[in-house]
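Per chain, numbering begins at 1; letters A, B, ... match sequence-line order. Just so it is clear, the model here is predicted, and its values are computed rather than measured.
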Amino acid sequence: MESKLKIYNTFSRQKEVFEPLNPPFVGMYVCGPTVYSDVHLGNCRTFMTFDVVYRYLLHLGYKVRYVRNITDVGHLESDADEGEDKIAKKARLEQIEPMEVVQRYTNGFREVMHLLNTLPPSIEPTATGHLMEQIAMVQKILDNGLAYEKNGSVYFDVVKFTQQYPHYGKLSGKVVDDLLQESRDLKKQDEKNNPADFAIWMKAAPEHLMHWQSPWSVGFPGWHLECSAMSTKYLGEQFDLHGGGMDLQFPHHENEIAQNVGCCGTAPVRYWMHGNMLTINGQKMSKSLGNSVLPHELFTGQNNFMSQPYSPMTVRFFMLQTHYRSTLDFSDTALQAAEKGFKRLMNSLQLLPQLPHASNTHPTLPDEDKMVQDTCNAIYEHLNDDFNTAMALADLFELSGKINALYHKQLPPDALGLDTFNRLQSVFPAIILDVLGLKDDTAAANNQLADGLMGLILDLRSDARAKKDWATSDIIRDRLKNLKIVVKDGKEGTTWAVE
RNA sequence: GGUCGGAUGGCCGAGCGGCUAGGCAGAGGUCUGCAAAACCUCGUACACCGGUUCGAUUCCGGUUCCGACCUCCA
């Protein structure tokens, strides 16, 4: 029977059957990047995780509105709501307009996302483009008595809020009393009634480059606010899915919930999903630790961690081999292994349309037939089990073996019944291309000229081989090898691939 | 210090109360002019100590180590 999609909900700490509020529509919000510097690989992992979520939901037939914001203001450099805005700081350092910073890194971000073959979101709203909505939300929270103004800044009153909404802290597993009794020596907390309170509007210091007029001061919105305002605007006061990296659970997402409840009285999100961190040498890869590798450094091989370049699709495949809720450690050897495995998968994908057609309705090898059917089912069961892409890939490799065996005549063409054969033809590419978002990104892929030239060369070589002219045949093979093209002789003729 | 999570074969990484993960590397075989590719077979791994159980890598308790969050990060 059809199994149902189950999603691990961070809020309840368990897998839950996914039931959208208004099927077939699904609202999905993912916290996007703060565009003050290049995206690093850890960011990419999160966005790739939710790209697969998005793709799978589409594959299942849902009409998904996928909103992923661009944070271009409000994200402060240091703790205690006191540091400089990250974008403003970058602008000051580089002596350019803040919006130039934003544009530059937004462009870079989109380029990397494109290389990694992630689908663009349905809406990609910016914080600066939604000042009105954010100011309105601040006002509403003030009206509801859950925030207070001090010297032109507005702070969310966590103490008061927790009295009305006992779930504060649940998402991130915090005990409210601990938060309230935070004894750490934070600088300049005097404006806040309580250290746990957080800014939703901040008065701009005179030297601040980014500021807007508001009822309270010329200033800028708090970091958490834009997600609340924009998710509400585009997905409604309550929506289905919200994703982000684990490190956003607290304080970002916890405060997002607080703002929504404080504004609209409703917990905004039905299913909270959090991707785990990427590590390198066992440590979290993060901008602040200075151990991050930029995507293009990985793609070009120009970095201190890897011995060779890795293509965007190799990286994508590598990441999908690990479940999104596990940490993933980046290493050179692991990537090398992934690169080979990925090529294997791509090779089968390429052979699939060339398989001899089975015209028989019934399989001559029922066990093989059943295995293919079972594995196709397993793919969906595994993806339905909280998007277990690692297991789905294992299933795909099982099918890959059958495809190769059929192609190389190690299984007879009529081994599978027609239904099974057709199912294999549709499921295998659909999962790889549509759901996992993988594609052959070698230089020769989809290059008609290369195909034509190689066809010519391999025909000449076949003639030589037919005449047992091994010298000519081997020269062709060796010269191609120097060009990193591998020639594979099989019973069905010769194929080639870029190394 | 508080909270939470993890420790799997040579490497990476799934998973589960008893039955094959998968990829990479390695061994043997089939095929092949040779090579490559492909296919078949193989290693019997689950940090340590107790407990529950007919049976635990999987559940419970403890120990050690590692990591994350608590403060900007996806």
Side-chain angles (χ1 to χ4, degrees), chain A residues 13 30-34 36-37 39-50 75-81 83 86 169 172-175 178-179 181-184 186 223 243-252 274-279 282-289 292 317-318 321-323 325-331 333-342 344-345 347-348 351 378 382 385 388-398 400-411 465 468-470 473-474 477-478 481 486-491 494-497 499:
Chain A
R13 312 267 158 184
V30 172
C31 288
T34 302
Y36 69 103
S37 69
V39 266
H40 71 83
L41 245 20
N43 295 284
C44 293
R45 184 187 186 199
T46 298
F47 299 131
M48 227 174 316
T49 294
F50 292 105
H75 205 154
L76 299 183
E77 185 63 29
S78 69
D79 60 359
D81 295 333
K86 289 189 172 191
S172 54
K174 300 285 177 231
V175 178
D178 291 351
L179 292 171
Q181 284 162 18
E182 176 63 72
S183 60
R184 205 189 301 236
L186 296 176
W223 171 40
M246 262 185 172
D247 49 353
L248 293 183
Q249 273 176 32
F250 190 89
H252 187 58
H274 288 95
N276 213 320
M277 299 294 99
L278 194 76
T279 60
Q283 253 206 328
K284 181 171 78 158
M285 186 188 285
S286 81
K287 291 177 182 177
S288 52
L289 287 173
S292 54
F317 173 85
F318 174 67
Q321 273 189 308
T322 306
H323 186 85
R325 282 190 288 113
S326 301
T327 53
L328 167 62
D329 196 48
F330 246 70
S331 74
T333 49
L335 274 161
Q336 278 175 7
E339 184 177 60
K340 290 185 184 174
F342 175 60
R344 217 169 117 76
L345 201 60
N347 187 242
S348 299
L351 296 181
H382 289 138
D385 185 11
N388 194 331
T389 55
M391 284 299 278
L393 277 171
D395 297 329
L396 288 168
F397 275 108
E398 294 293 331
S400 164
K402 297 306 165 198
I403 291 167
N404 294 341
L406 283 166
Y407 181 82
H408 290 281
K409 300 282 157 81
Q410 285 137 339
L411 283 175
R465 294 182 74 213
K468 297 194 191 283
D469 179 2
W470 309 128
S473 143
D474 289 353
R477 188 171 66 197
D478 292 346
K481 173 103 179 152
V486 188
V487 171
K488 308 173 199 174
D489 293 324
K491 284 182 183 167
T494 302
T495 57
W496 61 281
E499 233 175 19

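- Residue A:Met285 is classed as a base contact, given a heavy-atom separation below 4.0 Å to a base.
- Taking atom CZ on A:Arg325 and atom P on B:C4, their separation rounds to 17 Å, with Å as the unit.
- Toward the 5' end of RNA chain B, the nearer of the two residues A:Ala337 and A:His252, judged by each one's closest nucleotide, is A:Ala337.
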**Asked** Could you run down nucleotides 35-40 of chain B 5' to 3' and tag each one B, S or - for protein heavy-atom contact under 4.0 Å?
**Response** BBSBB-

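- Nucleotide B:U3 holds its C1' atom 10 Å from the CZ atom of A:Arg13, rounded to whole Å.
- Contacts of A:Lys488 classified as salt bridge (charged side-chain N to carboxylate O under 4.0 Å, His left out), with partners at least two apart in sequence or in another chain: none.
- For A:Thr495, there are no side chain to side chain donor-acceptor pair (under 3.5 Å) partners, not counting sequence neighbours.
- Residue A:Ser473 places its side chain closer to B:G33 than to any other of B:G22, B:G33, B:G2.
- For A:Thr333, the side chain to side chain contact (heavy atoms under 4.5 Å, CB included) test picks out A:Ser331, with sequence neighbours left out.
- With C1' as the reference atom, B:U57 and B:C19 are 14 Å apart, rounded to whole Å.
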Grab the N/O contacts between the protein and nucleotides 15-18 of chain B below 3.5 Å, and write none if there aren't any.
unit_1: B:G15; atom_1: OP1; unit_2: A:Asn388; atom_2: ND2; d: 3.3

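- Taking atom P in both B:G23 and B:C65, the straight-line distance is 36 Å, to the nearest Å.
- Taking the side chain of A:Thr34 as heavy atoms from C-beta on, and the options B:A74, B:A25, B:G22, the nearest nucleotide is B:A74.
- In this structure, A:Asn388 contributes its side chain and A:Met391 its backbone to a donor-acceptor pair below 3.5 Å.
- Annotation: side chain to side chain donor-acceptor pair (under 3.5 Å) contacts of A:Thr279 (sequence neighbours excluded): A:Asp329.
- As rounded to whole Å, 15 Å separates atom P of B:C72 from atom CD of A:Gln249.
- If you check every strand for non-hydrogen atoms under 4.0 Å, A:Leu345 touches nothing.
- Within the structure, every side-chain polar atom (N or O) of A:Lys340 is placed at least 4.0 Å from both OP1 and OP2 of B:G23.
- A gap of 28 Å separates the P atoms of B:G17 and B:C24, to the nearest Å.
- One C1' atom belongs to B:A36, the other to B:A74, and the distance between them is 42 Å to the nearest Å.
- Among the atoms of the strands shown, none is found under 4.0 Å from any heavy atom of A:Gln336.
- A:Phe317 pairs by the ring pair (Phe, Tyr, Trp, His ring centres under 6.0 Å) definition with A:Phe342, not counting sequence neighbours.
- Remark: side-chain polar atoms of A:His40 are paired, donor with acceptor, to backbone N or O of A:Gly42 under 3.5 angstrom.
- For a distance-only test at 3.5 Å, the side chain of A:Asp329 fails to qualify as a donor-acceptor partner of the base of B:G67.
- For B:G23, the base is not stacked against the aromatic ring of A:Phe397, per a cut-off of 5.5 Å between centres and 30° between planes.
- At whole-Å resolution of the value, NZ in A:Lys409 and P in B:U32 are 14 Å apart.
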**Asked** Using Watson-Crick and G-U wobble pairs whose two distances are both under 3.5 Å, how do you write the pairing of RNA chain B as dot-bracket, with | for links to another strand?
**Response** (((((((..(((.....[...))).(((((.......)))))....(((((..]....))))))))))))....

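- For A:Asp474, the salt bridge (charged side-chain N to carboxylate O under 4.0 Å, His left out) criterion is met by A:Arg477, not counting sequence neighbours.
- Atom CG in A:Leu328 sits roughly 17 Å away from atom P in B:C11 (whole-Å rounding).
- The CG atom of A:Leu411 sits 17 Å away from the P atom of B:C31 (whole-angstrom rounding).
- B:U3 and B:G43 are spaced 41 Å apart, taking the C1' atom of each and rounding to whole Å.
- Take A:Thr49 and apply the side chain to side chain donor-acceptor pair (under 3.5 Å) test, not counting sequence neighbours, and it matches no residue.
- Residue A:Gly173 is in sugar-phosphate contact alone, with no base atom involved, counting any heavy-atom pair closer than 4.0 Å across all strands shown.
- Residues meeting the side chain to side chain donor-acceptor pair (under 3.5 Å) test with A:Lys409, sequence neighbours left out: A:Glu492.
- Look at CE on A:Met277: it is 19 Å from P on B:C4, rounded to the nearest Å.
- Here the separation of B:A68 from B:G61, taken at their C1' atoms, is 24 Å to the nearest Å.
- Rounded to the nearest Å, the gap between the C1' atom of B:G55 and that of B:C16 is 14 Å.
- At a threshold of 4.0 angstrom between heavy atoms, the contacts of A:Ala394 include nucleobase atoms, whether or not backbone atoms are also involved.
- Heavy atoms only, all atoms of each residue included: A:Ala338 and A:Gln321 are closest at CB-OE1, 4.0 Å.
- In this structure A:Phe250 satisfies the ring pair (Phe, Tyr, Trp, His ring centres under 6.0 Å) test with no other residue, sequence neighbours excluded.
- Annotation for A:Val39 and A:Pro33: closest pair CG1-CB, 4.5 Å, computed over non-hydrogen atoms.
- Using a 4.0 Å heavy-atom cutoff across all strands shown, A:His40 reaches at least one base atom of the nucleic acid.
- For the pair A:Lys468 and A:Thr327, both in contact range of RNA chain B, the more 5′-proximal nearest nucleotide belongs to A:Thr327.
- In terms of modelled atom types and a separation under 3.5 Å, the side chain of A:Arg45 and the main chain of A:Asn276 share a donor-acceptor contact.
- As rounded to whole Å, 14 Å separates atom P of B:U71 from atom CG of A:Leu248.
- Nucleotides B:G51 and B:A56 have their C1' atoms positioned 12 Å apart, rounded to a whole Å.
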